[in-house]
Number of protein chains: 2
Amino acid sequence: MSQGEVLGPLDESVGYVLKRAANALRSAMEAALRPLDLTVPQYSCLEVLAQRPGLSNAELARAVFVTRQSMNLVLRGLQERGLVARPDSAPHGRARPTELTPAGRERHREASAVVRAVERRMLEPLSDGEQEQLLRGLVACVEALGTE
Amino acid sequence: MSQGEVLGPLDESVGYVLKRAANALRSAMEAALRPLDLTVPQYSCLEVLAQRPGLSNAELARAVFVTRQSMNLVLRGLQERGLVARPDSAPHGRARPTELTPAGRERHREASAVVRAVERRMLEPLSDGEQEQLLRGLVACVEALGTE
DNA sequence: CAGCGTATGTCAGAATGCTGACATGAGTCA
DNA sequence: TGACTCATGTCAGCATTCTGACATACGCTG
């Protein structure tokens, strides 16, 4: 009863399946990142910093879609573990640019590998064209909802 | 700076966009359900109950992907507002089957309408065929991740 | 009948994220 | 220069959800 659910109208709703897919991806990522002692927000932070070094706390928060307060906690945890570095005083205004340390870059490399493996597993049944179409469809949905 | 973000590699990651889409859908649903004084979990519960009456708390929790404890709180809130009804004593075992009251059915009708409107808005830029393909792609992803 | 395993409902505690609020620093304009 | 606006970092409180645990109820098996 726990697995063999009746295929009801819910499974035909894009919204329901979208939520389900995001949920499954999150769970898979959590499980994959646990051996590296990283949470999903922590990994997201490392990934953004690797691609765009020097971002401030508030900018990182916007990029990962969390509040400044939450991102601040994440950054503190990463800083205590020596994975990111921030100057003690802000060079301009109050924003302190954050950078990955060498250890942070190494950890990001490992984390990025396992996350990409999860993503690859998720997309494995789809052809390249179908993957592209899925991506474009999702982007279209985001834009349609974003412009309210 | 807040809106015009650089189109980086992140936007080409299906996982990232999937999270983004689910997030946008959730926010839009919250905003649409607020006038009806319903949260997303509460609506989800009503929706499942409308399609499958008589489910117990634990079965509802599994259907909505939350814990029994969380669903119990949701059900209490809905019960206090007279939208769902549960017998005081279980007819079999400990599971008490839950049903929508007439008021609950009416509220569900209203909520379902606004949620479907949100979903329609989200899917508006996609053709029928693209919507179908998106749905099938997401289902494939869920299944690929589910079988670990 | 007694024991075991499973499922359910429920209670308590912890973790996580958010909203509200405030002080600080920089830019703008009269 | 002084007032205003905006963004940032940070503190406190609240809300929501999860994990852990326990008692109860049923079915199965010896």
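Chain naming here is simple, since letters A, B, ... match the order of the sequence lines and numbering starts at 1 in each. Source: prediction; values computed, not measured.
Looking at A:E143 and B:P125, their side chains never come closer than 4.5 Å, going by heavy atoms from C-beta outward. Annotation: side chain of A:M71 is not in contact with side chain of A:R68 (no heavy-atom distance under 4.5 Å). A 4.5 Å side-chain heavy-atom check between B:R81 and B:Q42 finds at least one atom pair inside the cut-off. Two residues are said to be in side-chain contact when any heavy atoms from C-beta on lie closer than 4.5 Å; B:S112 and B:R116 meet this criterion.
Ion pairing between A:E124 and A:R121 fails under the 4.0 Å rule for side-chain N and carboxylate O.
DNA chain C is contacted by both A:G93 and B:N57; B:N57 maps to the nucleotide lying nearer its 5′ end (nearest heavy atom per residue).
Residues of residues 34-45 of chain B that place a heavy atom closer than 4.0 Å to DNA chain D, in numerical order, are B:P41. Within residues 64-75 of chain B, the residues that have a heavy atom under 4.0 Å from DNA chain C are, in order of number, B:R68, B:Q69, B:N72.
To the nearest angstrom, P of C:dG17 lies 16 Å from CD of B:E30. As rounded to whole Å, 13 Å separates atom C1' of C:dG9 from atom CD of B:Q79. Atom pair A:R94:CZ and C:dC22:P shows a separation of 15 Å (rounding to whole Å applied). Atom CG of B:L55 is separated from atom C1' of C:dT8 by 14 Å (rounded to the nearest Å). Per the geometry, CD belonging to A:E59 stands 10 Å off C1' belonging to D:dA7, to the nearest Å.
Distance CG/A:L49 to CD/A:E59: 10.5 Å, rounded to 0.5 Å. To the nearest 0.5 Å, atom CG of residue A:N57 and atom CD of residue A:Q69 are 9.0 Å apart.
Residue A:R26 places none of its side-chain N or O atoms closer than 4.0 Å to OP1 or OP2 of D:dC18. Residue A:H92 has a polar side-chain atom (N or O) positioned under 4.0 Å from OP1 or OP2 of C:dG27. Put simply, B:R76 has a side-chain N or O that comes within less than 4.0 Å of OP1 or OP2 on C:dC11.
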Using atom types as modelled, flag every donor-acceptor pair under 3.5 Å from a side chain in residues 18-33 of chain A to any protein atom, sequence neighbours excluded.
from, atom 1, to, atom 2, distance (Å)
A:S27, OG, A:N23, O, 3.2

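B:L73 and B:V40 fall into different hydrophobic clusters, where Ile, Leu, Val, Met, Phe, Trp and Tyr side chains are chained together by heavy-atom contacts under 4.5 Å.
With hydrogens and angles left out, the side chain of A:R62 and the base of D:dA7 share no donor-acceptor pair within 3.5 Å.
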